[in-house]
Student: 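Please see the structure below; I have some questions.
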Protein chains: 2
Amino acid sequence: MAAGPLVLDTFLPYRLSIASNLVSGAIARIYQSLFGLSIPEWRIVTVVAETDAITQQEIGQRTRMDKVTVSRAAIALERRGLIERRAHPGDGRSQLLHLSATGRTLYESVAPKAKELEERLFGDFTAAELDTLTSMLRRAEAAALRLEGEAR
Amino acid sequence: MAAGPLVLDTFLPYRLSIASNLVSGAIARIYQSLFGLSIPEWRIVTVVAETDAITQQEIGQRTRMDKVTVSRAAIALERRGLIERRAHPGDGRSQLLHLSATGRTLYESVAPKAKELEERLFGDFTAAELDTLTSMLRRAEAAALRLEGEAR
DNA sequence: TCCAGATAGTTGCGTTTGATACGATGTGCG
DNA sequence: CGCACATCGTATCAAACGCAACTATCTGGA
């Protein structure tokens, strides 16, 4: 671990926040202008596409989005006809989300664009570097969760 | 670069956002409860401590915070007596921020706590890993900035 | 069976955020 | 020197966010 005095510019949580905000900001602007999707909406479309049918609660767990955020984005997506919500057989409180035909079509143009953006952002990383980065991020996530856990 | 279909869970911008939100969230809560400082306030205190006297505009550039965010946090810090604002000699529009005695005292307890948190979050990373992570984050920042640049 | 407590999703509301407009000051060109 | 334009910081307003309260439904134990 870095010894010595605090220097904001090299303080890792700070660097992480700066990098994440820049990357998220760039992507958010592009998705908004190309597809009219916010980040929560985009995440939901992707998760629903990957699972075929999923509850809002599960989406929240997977993506760490607040259930309120999921609820609002799901309502917006339904209004736009991109997803459909059916009663959950066996649990009347819940509903299963899945893509409409329109939603699936949209997803099929969104997904390649996502890969392209990833390529543009991380294209000069080697495969090994990408693995390293991913695993470091997961380690940091786990540590942050531990820290939160202690607090309560 | 990762080939194959989009899988949200391994999509790097997504992982970056999740990690950053968890880390920032944990730190924000701790700083709020220990020192009553928001993240923007904390950043300003740190930058001012490092530079001794700096304009709000420069703070914004360094930390990538909006000038509105900086303005509000600076006003709050001045009200609490942690920083002082003096006329900028040679530019009447601007002002130089510096720490008050109280602010310096606070900073001297904030800084070690920051190092401690960094240690708790990234303590199991080797020095080499930390360097790698930092430089990868900087590369991603640069790529995101290029992407933004193209958009306009 | 019935009721207390837990859970899914929505709504309300206060806070935070950032784009835009503004007032004040500074700068450069004619 | 004067006027158009840029820049610093603040104010304003609308949108995003997340906690807490709420409704409806489910679950387990007496």
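Lettering of chains follows the sequences in order, A, B, ..., and the numbering in each one begins at 1.
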Student: Give the rounded distance in Å between these two atoms: CZ of B:Arg29 and C1' of C:dT15.
Tutor: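 Nearest whole value for this atom pair: 15 Å.
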Student: Between B:Ser17 and A:Arg43, does any side-chain donor sit less than 3.5 Å from a side-chain acceptor?
Tutor: yes
Student: Round to a whole Å and report the spacing from NE2 of B:His88 to C1' of D:dG9.
Tutor: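 Going from B:His88 (NE2) to D:dG9 (C1'), I get 14 Å.
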Student: If you compare every side-chain N and O of B:Arg85 against the phosphate oxygens of D:dT10 (OP1, OP2), does one of them come in below 4.0 Å?
Tutor: yes
Student: In terms of ring plane angle, is the pair A:Phe11 and B:Trp42 parallel, tilted or perpendicular, where the classes change at 30° and 60°?
Tutor: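 The arrangement is tilted - the two ring planes meet at 30° to 60°.
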Student: Given 3.5 Å as the limit, does a donor-acceptor pair link the side chain of B:Thr51 with the main chain of B:Val47, or not?
Tutor: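 Indeed, once roles are kept as given, a pair shorter than 3.5 Å links the two residues.
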Student: Is the ring pair A:Phe122/A:Phe125 parallel, tilted or perpendicular, if the boundaries are 30 and 60 degrees?
Tutor: perpendicular
Student: Pick the closest DNA chain D nucleotide for A:Gly90 and for A:Pro40 by heavy atoms, then say which residue is nearer the 5' end.
Tutor: A:Pro40
Student: Rounding to a whole Å, what distance do you find between A:Arg93:CZ and D:dT27:P?
Tutor: 7 Å
Student: Is B:Lys113 salt-bridged to B:Glu118, cutoff N-O under 4.0 Å?
Tutor: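 Salt bridge: no.
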Student: Counting only heavy atoms and a strict 4.0 angstrom limit, can you tell me which residues of residues 48-75 of chain B come near DNA chain D?
Tutor: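 Close to the strand are B:Thr55, B:Gln56, B:Gln57, B:Lys67, B:Val68, B:Ser71, B:Arg72.
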Student: Would you mind reading off the distance between B:Glu78 atom CD and D:dG9 atom P, rounded to a whole angstrom?
Tutor: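 Spelled out: CD on B:Glu78 to P on D:dG9 is 13 Å.
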Student: Between A:Glu141 and B:Leu22 (side chain of the first, backbone of the second, donor and acceptor by atom type, cut-off under 3.5 Å), is there such a pair?
Tutor: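 No, A:Glu141 side chain to B:Leu22 backbone: no donor-acceptor pair under 3.5 Å.
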